[in-house]
Amino acid sequence: GMENAPSSFGLRDRLQGPHAQYIKHIAVTAGSACEVVLKGVGSGHLDASGGQDASMRLHFDITANSAEAVSTAQQLCEDLLGTAKQQYKEYMQSLSTYASP
């Protein structure tokens, strides 16, 4: 899966967006004091103890004041993930095209 994507694919940047605009947009759209944070291996996020979330898979951490906001943010994150998966598929196909004789 994408968790093994080469660094040249830029998975974290594709999920967060420029200056974290994608996840900020998700949080604002969901409302209700929603916060969306990319965590886990490759996220660059540091946990409270100051270490990286190295043992966890890359994931979106969603918190909000209502179940509806969490649900909205979850759907938007799934949509974003779907887009990234399609981009990854196309990226890997382009690599195999260059590798072919």
Side-chain angles (χ1 to χ4, degrees):
M2 286 194 312
E3 60 272 359
N4 298 319
S7 60
S8 58
F9 176 67
L11 179 59
R12 180 180 70 181
D13 293 338
R14 290 175 191 262
L15 294 176
Q16 292 186 124
H19 307 289
Q21 286 177 343
Y22 299 164
I23 58 176
K24 288 176 184 176
H25 171 76
I26 290 170
V28 168
T29 301
S32 198
C34 184
E35 182 179 3
V36 180
V37 180
L38 188 64
K39 292 186 175 183
V41 177
S43 69
H45 181 269
L46 301 178
D47 66 16
S49 65
Q52 287 192 324
D53 295 308
S55 62
M56 300 177 72
R57 291 179 67 176
L58 192 63
H59 65 281
F60 291 105
D61 185 66
I62 302 169
T63 57
N65 291 337
S66 74
E68 182 180 343
V70 170
S71 179
T72 298
Q74 182 178 5
Q75 182 59 55
L76 292 169
C77 287
E78 288 172 4
D79 292 347
L80 178 58
L81 190 56
T83 299
K85 283 181 180 180
Q86 181 61 37
Q87 291 171 341
Y88 179 64
K89 180 180 175 183
E90 292 168 4
Y91 177 81
M92 294 308 288
Q93 288 172 343
S94 73
L95 290 182
S96 66
T97 300
Y98 289 122
S100 297

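Computed from a predicted model, the values in this text were never measured in an experiment.
Here S43 contributes atom OG and R57 contributes atom CZ; the two are 14.0 Å apart, rounded to the nearest 0.5 Å. Atom NZ of K89 and atom OG of S94 lie 13.0 Å apart (nearest 0.5 Å). Of the inter-residue distances, the one linking S8 atom OG with L95 atom CG reads 6.5 Å to the nearest 0.5 angstrom.
Of all heavy-atom pairs between I62 and A73, the closest is CG2-CB, 3.7 Å. Between H59 and G40 the shortest heavy-atom distance is CE1-N, 4.1 Å. For V70 against A64, the heavy-atom pair with the smallest separation is CG2-CB, 3.8 Å. Shown here for L58 and L38, the closest heavy-atom pair between the two residues is CD1-CG, 3.9 Å. Between S32 and A69, the closest heavy-atom pair is CB-CB, 3.6 Å.
Contacts of K85 classified as side-chain contact (heavy atoms from CB on, under 4.5 Å), with partners at least two apart in sequence or in another chain: M2, L81.
When side chains are defined from C-beta on, I26 counts as touching C77, because their heavy atoms get closer than 4.5 Å. F60 has its side chain within reach of L80: a pair of non-hydrogen atoms, C-beta onward, lies under 4.5 Å apart.
Here side-chain hydrogen bond (donor to acceptor under 3.5 Å, both in side chains) pairs that include residues 17-27, with residues two or more places apart or in two chains, are H25-T29. Residue pairs meeting the salt bridge (Lys or Arg N to Asp or Glu O under 4.0 Å) criterion with at least one member in residues 61-72, sequence neighbours excluded, are K39-D61.
No chain of hydrophobic side-chain contacts below 4.5 Å, direct or via other Ile, Leu, Val, Met, Phe, Trp or Tyr residues, connects V37 to L15.
Relative orientation of the Y91 and F9 rings is tilted, given thresholds of 30° and 60° on the angle between their planes.
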